[in-house]
Amino acid sequence: MSDVKLIGVIGAGQMGRGIAQVAAMSGFEVVLFDVNKDGLDFGFNFIQKQLDKGVSKDKWEQTFVDATMSSISTSTSMDALKECDLVVEAATENKKIKFEIFKQLDNIVKEGAILASNTSSISITEIAEVTNRPEAVVGMHFMNPVPVMKLVETITGLETSTATIERTEAVAEKMGKTVVRADDVPGFAVNRILVPMINEAFYALYEGVSDARGIDNAMKLGCNQPMGPLELADFIGLDTCLAIMNVLYEGLGDTKYRPCPLLKKYVAAGRYGVKVKKGVYEY
Ligand code: CAA
């Protein structure tokens, strides 16, 4: 049973709006925060559209959509998060930005609340250290697309308390997710394995093993992956993939994690993937 009722979500981008949608659909009250008003409105309208699609596919009733949407409020002021029982940060994957957000959250959000990060690779122990409540800081890593993917990876920082991790996992389960608990090591469980595979696909492309379609088809049809690794890289964001490889390379100090020069070149050229309509493929 979860004692958490009000959830704050930081960031109305791809991950944040998905987390807000699933939380609201699971009966939580949600405050969706973003500093960018246009991004916030886009995120809120995106959730509405996703839920409307469900009505046209007979997945749920209009009354459910109306109740879900009315449980989501939006704000461009972080003060709106002060009464939250749990805040999930899903801002840009950048240490400086995350540290600044957690410092502010620590001052704003009520005592006893959990501060979670959806980071895909930044150390929870380091994020916790910038707050005065490291025992209440935890990793809550959702997968993209959040409404579809069944996993939530929870990550315990060095100081994360048992109560914090257990309350967080109860929330994830109430959202209908299956939890895998991971230690606070670079890449945690999913990205420690997934992103080096994607990086290897870039090396295969770089070395001319096959072309992009060939590499993706090999893994789709030969290994039953829903998307080929290069298509998946475009979907995750090539900049995010590179950031994760850098965390693995620096954090584990092993040359087997060095980012592929071709991945670096795509990112340098601004080919970040689906979000800019141009990555390995064009959209
Ligand atoms: N948001 C919400 N729902 C979505 C969606 C989105 N962005 N994209 C697809 N869906 C839903 C569709 O509505 C559809 O639902 P119904 O069956 O109930 O109608 C269902 O997903 C299937 O969609 P489609 O038929 O359009 O497409 P598909 O069968 O090709 O599946 C996919 C699309 C689910 C994205 C599939 O290709 C897939 O599973 N890809 C792999 C995704 C993956 O590996 N994600 C993890 C990335 S790693 C990560 O997130 C962690 C990190 O830190 C980097």
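In each ligand, atom 1 is the first atom listed, and ligand 1 is the first ligand listed. What you see is a predicted model; the values in this text were computed from it and never measured. Sequence positions, counted from 1, serve as the residue numbers for this chain.
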Looking only at protein heavy atoms, what sits closest to atom 53 (O) of ligand 1 is H141 NE2, 2.7 Å
query = Short check: is a protein heavy atom less than 4.0 Å from atom 17 (O) of ligand 1?
reply = no
Item to check | Row check, F142 ring normal vs K177 NZ/CZ: under 6.0 Å, within 45° | outcome: no
The protein heavy atom nearest to atom 1 (N) of ligand 1 is Q50 NE2, 3.5 Å
CD1 (I244) and CG (D239) are apart, to the nearest 0.5 Å, by 9.5 Å
In this structure, does ligand 1 have an atom that sits under 4.0 Å from one of the heavy atoms of N191? yes
Under 4.0 Å from one or more heavy atoms of M227, ligand 1 contributes atoms 37 (O), 40 (N), 41 (C)
A student comparing P145, P229, G228 should find that the heavy atom closest to atom 8 (N) of ligand 1 comes from P145
Requested in this report: Considering only protein heavy atoms, determine whether one is less than 4.0 Å from atom 28 (P) of ligand 1.
Outcome: no
Geometric cation-pi criterion R213 and Y281, 6.0 Å radius, 45° cone: yes
Of R192, E93, K95, the one forming a side chain to side chain donor-acceptor pair (under 3.5 Å) with S121 is E93
Donor-acceptor pair, E89 side chain versus A91 backbone, under 3.5 Å? yes
Atom 43 (C) of ligand 1 sits nearest the protein heavy atom M149 CE, 3.5 Å
Any non-hydrogen side-chain atom of T168 less than 4.5 Å from a side-chain atom of T160?
no
Closest heavy-atom approach to atom 4 (C) of ligand 1 among V148, T119, N144 is made by V148
The answer for which part of L194 has a heavy atom under 4.0 Å from ligand 1 is side chain
What do the steps show when you test K275 against T240 for side chain to side chain contact (heavy atoms under 4.5 Å, CB included), and what is the final call?
CA-CA 12 Å; K275 62 188 166 193; T240 304; 4.1 Å; yes
If you scan protein heavy atoms around atom 36 (C) of ligand 1, the nearest is P226 CB, 4.1 Å
dist I122:CD1 -> N94:CG (nearest 0.5 Å) comes out at 6.5 Å
Mind checking whether F64 and W60 have parallel, tilted or perpendicular rings, split at 30° and 60°?
tilted
- prompt: Is atom 23 (O) of ligand 1 in close reach of the protein, with a heavy atom under 4.0 Å away?
  reply: no
Atom 54 (C) of ligand 1: closest protein heavy atom, distance to 0.1 Å, is I236 CG2, 3.5 Å
Within the 4.0 Å heavy-atom cut-off, what L232 brings close to ligand 1 is side chain
Evaluate side chain to side chain contact (heavy atoms under 4.5 Å, CB included) for I10 paired with L105, printing each intermediate quantity in order.
CA-CA 10 Å; I10 297 201; L105 283 177; 3.7 Å; yes
Q. Judged by non-hydrogen atoms, does K59 sit under 4.0 Å from ligand 1?
A. yes
Taken to the nearest 0.5 Å, the spacing of Y272 OH from L242 CG works out to 10.0 Å
Within 4.0 Å of some non-hydrogen atom of M143, the atoms of ligand 1 are 49 (C), 50 (O), 51 (C)
Checklist entry - Counting only heavy atoms on the protein side, is anything nearer than 4.0 Å to atom 46 (C) of ligand 1? => result yes
Atom 14 (C) of ligand 1: closest protein heavy atom, distance to 0.1 Å, is K57 NZ, 4.0 Å
Using a distance threshold of 4.0 Å (strictly less than), state whether atom 39 (O) of ligand 1 has a protein heavy-atom neighbour.
yes
Atom 50 (O) of ligand 1 touched by protein heavy atom at under 4.0 Å = yes
- prompt: Does the D34 side chain pair with the main chain of G39, one donor and one acceptor, at a distance under 3.5 Å?
  reply: no
In this structure, NZ of K264 is separated from SG of C241 (nearest 0.5 Å) by 15.0 Å
Fill in: Heavy-atom protein contact below 4.0 Å for atom 31 (O) of ligand 1
no
